[in-house]
Amino acid sequence: MIALLSRRITALTVGLALLLIAGVSVGQRPPPVLPDDEVLTPGRPATTAEAEAPGSLAPSDVQAQPDAEDETGGVARITWLAPTAEPPPDQELKGYRLYRATGDGEFVGLLEPVTQPDTIEEPGQEPCLGTKVSDLWTWHRYRFKVAALYGPKDDPAEVEAKEGSRPWYMQGQPESEELGQWESAVLVTEELSESASEALQTRADWYRSERTNVLVGMLVFSLVVVWFIRHARSGKEIYIRPIAGIEAMDEAIGRATEMGKPILYVSGLAGLGDISTITAMTILGRVARRTAEYETPLLVPCVDPLVMLAAREIVREAYVDAGKADAYREQDIFFVTDRQFAYVAGVDGIMLREQPAANLYMGYFYAEALVLAETGSVTGAIQIAGTDADTQIPFFVTSCDYTLMGEELYAATAYLAREPMLLAQLKAQDMGKAALALLFGVSMVAASAAAFLTAASNTEAAAMITAALDLFRPQ
Amino acid sequence: MKIRVPLALTFVTALVMIAVFFTPHRLGSYVQSELSDWMAVIGGLGLVLGLISLLQRHLRKIAHRQQDWPYSFVTVASFLLMAVLGVGWGVQDESVFNWIFSNAYLPLDATMFSILAFFVASAAFRTFRARSAEAALLLTAALVVMFGRVPWGQLLFEQSPMVAEWVMSSPALGAKRAILLGVSLGGIAMSLRIILGIERSHLGGDG
């Protein structure tokens, strides 16, 4: 177990360190240079040699460039010159459609038409139209063409088209048979540009250098955790302050056992992907072990079916571990509804009908927190809550006998299990908080000093302090 | 095997998600989006199991005529009615399904929400009795904030909104941020415990 854990910690630390090293090196590397034959000419000359023949209904001079503002490598900017010929009297230009070819493949039309392209006017260059194309991959080379779309003049359906519905059906394509179900559909004629853009291959950064401070913080905190785990493994005792709410759980379970009434366990409204719900599940395992020992009924109404499945498995394991597999009742862990106040109504009904002796609320809660806790208070049950939802903590403090505030919820499992490795994590958290408090103090002094120096016209020193403080600013 | 495979999956997925956080490459957002889709699919399958659980629980109560079984009958009947209407005639705006949802479910939902106002009053009454120094401080702060948030508070004392705002933005916000910092560090530590497999009781094993 310990060898496996060490391997995992090493793998995680090495992975993060490699990410940092790779990030720093990639972040500092200049952008790769395209071969000469692939270099794209920035901007557009005043006269274009490859313009379509005068009087053409098709767009011309299609150019593709990586989007300057994009760092994902998925976006390119396509520009083209508008058609120079007038459309037939009963027709008008409805918009444009981009065609894309991957590598040396065929050109495929993109679904969404461009009804309102950007107009790009730069000094000394011919005005052109443009739009952005996303969903590109850095390992492909793309070529683009642009088609002008012509349709009936003054067709009212055009209005719908501009509002973003899917009205465009290319004349002669099989989809046009479905026009009946699209009131806003417009039959259009496409005039495709003869020449395609130069091949474009976008590039992206692999590392967000602005998040280096987060990565460094993570690594440092992880190392502190690892150090405390090693410290705990050496057998030295770790002191954890008593948390009244956790100690009261045994009292609550004992009270329910004496009264012969069930315990109600509510695991919040969040899904299984939420850290507070996972914590709620771990606490449930501990509670279930005690209820199994005393054979006290445990009711777990769930708002999420996946949480219900996890809860069933955890409680079943706890009953098996306690040697009371026969006492396990799967039907006591059930799905109520995924609607917030319908769930509240259901759980309130259970409280009033079943009259549980203890109500435990662990997890993430929203506005339902007070309704649940006040109803529980009316029934006279002993109530213990634990949540990391800072907006709901005051309500639980008001209505419950004990409340685990914020991080105390996460500490509950370590506290209940009393395992050295879990307790070591709590100490690491305390160290993290102490470090943050120190950092806040230093930052406050530094920020005040910067303000003072600015007032004293020593802007250079103030700028240095501000730059140092910016290193800790999250991006 | 039952524990090791989920632990390995957790470890690998966590590494991928950490990498996604630190990369701007489109591949990162693509992986994130794909994983979200997987979660939605799994959630959809889970809903079926949830509905089976719901029906089993209430049908059992009806069959055994347990206490308050008529409520279970109403639940099952409502469930079946909405399922038949939704599947049979659709859920579009003009449908019967939508009419029942808008005219029965939503008012009931709003009613439950509105009960909150009364519970706030009863909770405040119970809490704001100055039985100790802390409770007296709480009561005073609450009165100051309430006074600053009602029109006649400003009428009687012009500075009251400013004082209320100061209470909310300085001492209250300071305490709130302290809790949030603890939550953040606790969340990171808990995540590490789960990623490294130290915490495994949520998988049904020893934690």
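Numbers restart at 1 for each chain; the letters A, B, ... are given by sequence-line order, proteins then strands. Because the structure is predicted, anything quoted here is derived from the model rather than measured.
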Asks: Within this structure, what is the CZ-CG distance for the pair B:R26 and A:L136, rounded to the nearest 0.5 Å?
Replies: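 B:R26 CZ to A:L136 CG: 7.0 Å, rounded to 0.5 Å.
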Asks: Any idea how B:F113 and A:F341 line up, ring-wise: parallel (<30°), tilted (30 to 60°), or perpendicular (>60°)?
Replies: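 Rings of B:F113 and A:F341: tilted, 30 to 60°.
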Asks: Write down the atom of B:L54, the atom of A:F335, and the distance for their closest heavy-atom approach.
Replies: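 Scanning both residues completely, I find the closest heavy atoms to be CD1-O, 3.4 Å.
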Asks: Just wondering, are more than 12 heavy atoms of other shown residues or ligands nearer than 6.0 Å to CE in B:M39?
Replies: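 No, because the 6.0 Å sphere around CE of B:M39 holds 12 heavy atoms or fewer from other groups.
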Asks: Minimum heavy-atom separation for B:L47 to A:P305, with atom names?
Replies: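 For B:L47 versus A:P305, the nearest heavy atoms are CA-CG, 3.5 Å.
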Asks: For the candidates A:V315, A:I393, A:V397, A:V371, which exhibits the highest count of non-hydrogen atom pairs separated by less than 4.5 Å from chain B?
Replies: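 Ranked by heavy-atom pairs under 4.5 Å with chain B, first place is A:V371.
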Asks: Could you look at B:L45 and say if it's the side chain, the backbone, both or neither that has a heavy atom under 4.5 Å from chain A?
Replies: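 Interface part for B:L45: neither.
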Asks: Heavy-atom distance under 4.5 Å between the side chains of B:L185 and A:Y410, does that happen here?
Replies: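 B:L185 vs A:Y410: side chains apart.
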Asks: Under 4.5 Å heavy-atom distance to chain A, tell me which part of B:L116 shows up: side chain, backbone, both or neither.
Replies: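 Contact with chain A is through both the backbone and side chain of B:L116.
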Asks: Given that the side chain runs from C-beta out, which part of B:L180 has a heavy atom under 4.5 Å from chain A: side chain, backbone, both or neither?
Replies: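 When you check distances to chain A, only side chain atoms of B:L180 fall under 4.5 Å.
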Asks: Looking at A:D205, A:T72, A:T138, which hits side chain to side chain donor-acceptor pair (under 3.5 Å) with B:H25?
Replies: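 It is A:T138, the one option of A:D205, A:T72, A:T138 that forms the side chain to side chain donor-acceptor pair (under 3.5 Å) with B:H25.
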Asks: Roughly how far, to the nearest 0.5 Å, is the CD1 atom of A:I333 from the CZ atom of B:R57?
Replies: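 Output value for this atom pair is 11.0 Å.
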Asks: Going from CD1 on B:I188 to CD on A:E407, what distance comes out if it is rounded to the nearest 0.5 angstrom?
Replies: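 Taking CD1 in B:I188 and CD in A:E407, the distance rounds to 11.5 Å.
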Asks: Under a 4.5 Å heavy-atom cut-off, does chain A meet the side chain of B:V48, its backbone, both or neither?
Replies: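 Nothing of B:V48, per the 4.5 Å heavy-atom cut-off to chain A.
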Asks: Any non-hydrogen side-chain atom of B:F79 less than 4.5 Å from a side-chain atom of A:T337?
Replies: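 Contact flag for B:F79/A:T337 side chains = no.
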Asks: Please look at B:R193 and chain A and tell me whether the side chain, the backbone, both or neither of the residue comes under 4.5 angstrom of a heavy atom of that chain.
Replies: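 Both backbone and side chain.
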Asks: Name the region of B:Y30, side chain, backbone, both or neither, that has any atom closer than 4.5 Å to a heavy atom of chain A.
Replies: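 Side chain of B:Y30 only, per the 4.5 Å heavy-atom cut-off to chain A.
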Asks: Atom CZ of A:R339 and atom CG of B:L108: how far apart are they, to the nearest 0.5 Å?
Replies: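 Here the interatomic distance stands at 13.0 Å.
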Asks: Indicate the atoms forming the closest heavy-atom contact of B:F119 with A:E374, along with that distance.
Replies: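 Closest approach of B:F119 to A:E374, heavy atoms only: CD2-CB, 3.4 Å.
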Asks: Go through the atoms of A:S377 and report whether side chain, backbone, both or neither lie under 4.5 Å from a heavy atom of chain B.
Replies: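 Looking at A:S377, just its side chain touches chain B.
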Asks: Counting only non-hydrogen atoms closer than 4.5 Å, does A:Y343 touch chain B with its backbone (N, CA, C, O), its side chain (CB onward), both, or neither?
Replies: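 Neither part.
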Asks: I'd like to know which of A:Q340, A:Q331, A:E330 tops the heavy-atom pair count under 4.5 Å against chain B.
Replies: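 Most heavy-atom pairs within the cutoff with chain B belong to A:Q331.
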Asks: Looking only at heavy atoms, which two atoms of A:R353 and B:D68 are closest? And how far apart?
Replies: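 The pair with the smallest heavy-atom distance is CD-OD2, 2.6 Å.
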Asks: Select one option (side chain, backbone, both, neither) describing which atoms of A:V336 are under 4.5 Å from chain B's heavy atoms.
Replies: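 Answer is backbone: N, CA, C or O of A:V336 sit under 4.5 Å from chain B.
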Asks: Under 4.5 Å heavy-atom distance to chain A, tell me which part of B:L51 shows up: side chain, backbone, both or neither.
Replies: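 When you check distances to chain A, atoms from both the backbone and side chain of B:L51 fall under 4.5 Å.
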Asks: Find the distance between CE (B:M112) and CG (A:D348) and round it off to the nearest 0.5 Å.
Replies: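 So the gap between those two atoms works out to 5.0 Å.
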Asks: For the pair A:D390 and B:R177, find out whether any cationic side-chain nitrogen is under 4.0 Å from an anionic carboxylate oxygen.
Replies: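 No, this pair does not count.
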Asks: For A:W139, is the CH2 atom crowded, meaning more than 12 foreign heavy atoms sit under 6.0 Å from it?
Replies: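 Result for CH2/A:W139: enclosed.
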Asks: Looking at B:F101, I want to see if its CZ is surrounded by more than 12 non-hydrogen atoms of other residues, nucleotides or ligands under 6.0 Å.
Replies: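 Check passes, neighbour count above 12.
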Asks: At what distance, to the nearest 0.5 angstrom, does CG of A:L370 lie from CD1 of B:I115?
Replies: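 That separation rounds to 11.5 Å.
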Asks: Considering only heavy atoms, give the residues of residues 428-437 of chain A separated from chain B by less than 4.5 Å, sorted numerically, with 'none' for an empty result.
Replies: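 Checking residues 428-437 of chain A against chain B gives A:Q429, A:G432, A:K433, A:L436.
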Asks: Taking all atoms of both residues into account, what is the closest heavy-atom pair of A:R312 and B:S53, and its distance?
Replies: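 Heavy atoms only, the tightest pair is NH2-OG, 3.5 Å.
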Asks: So which residue, A:A311, A:A280, A:A345, A:C302, ends up with the most heavy-atom pairs under 4.5 Å with chain B?
Replies: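 Of A:A311, A:A280, A:A345, A:C302, A:A345 has the most heavy-atom pairs under 4.5 Å with chain B.
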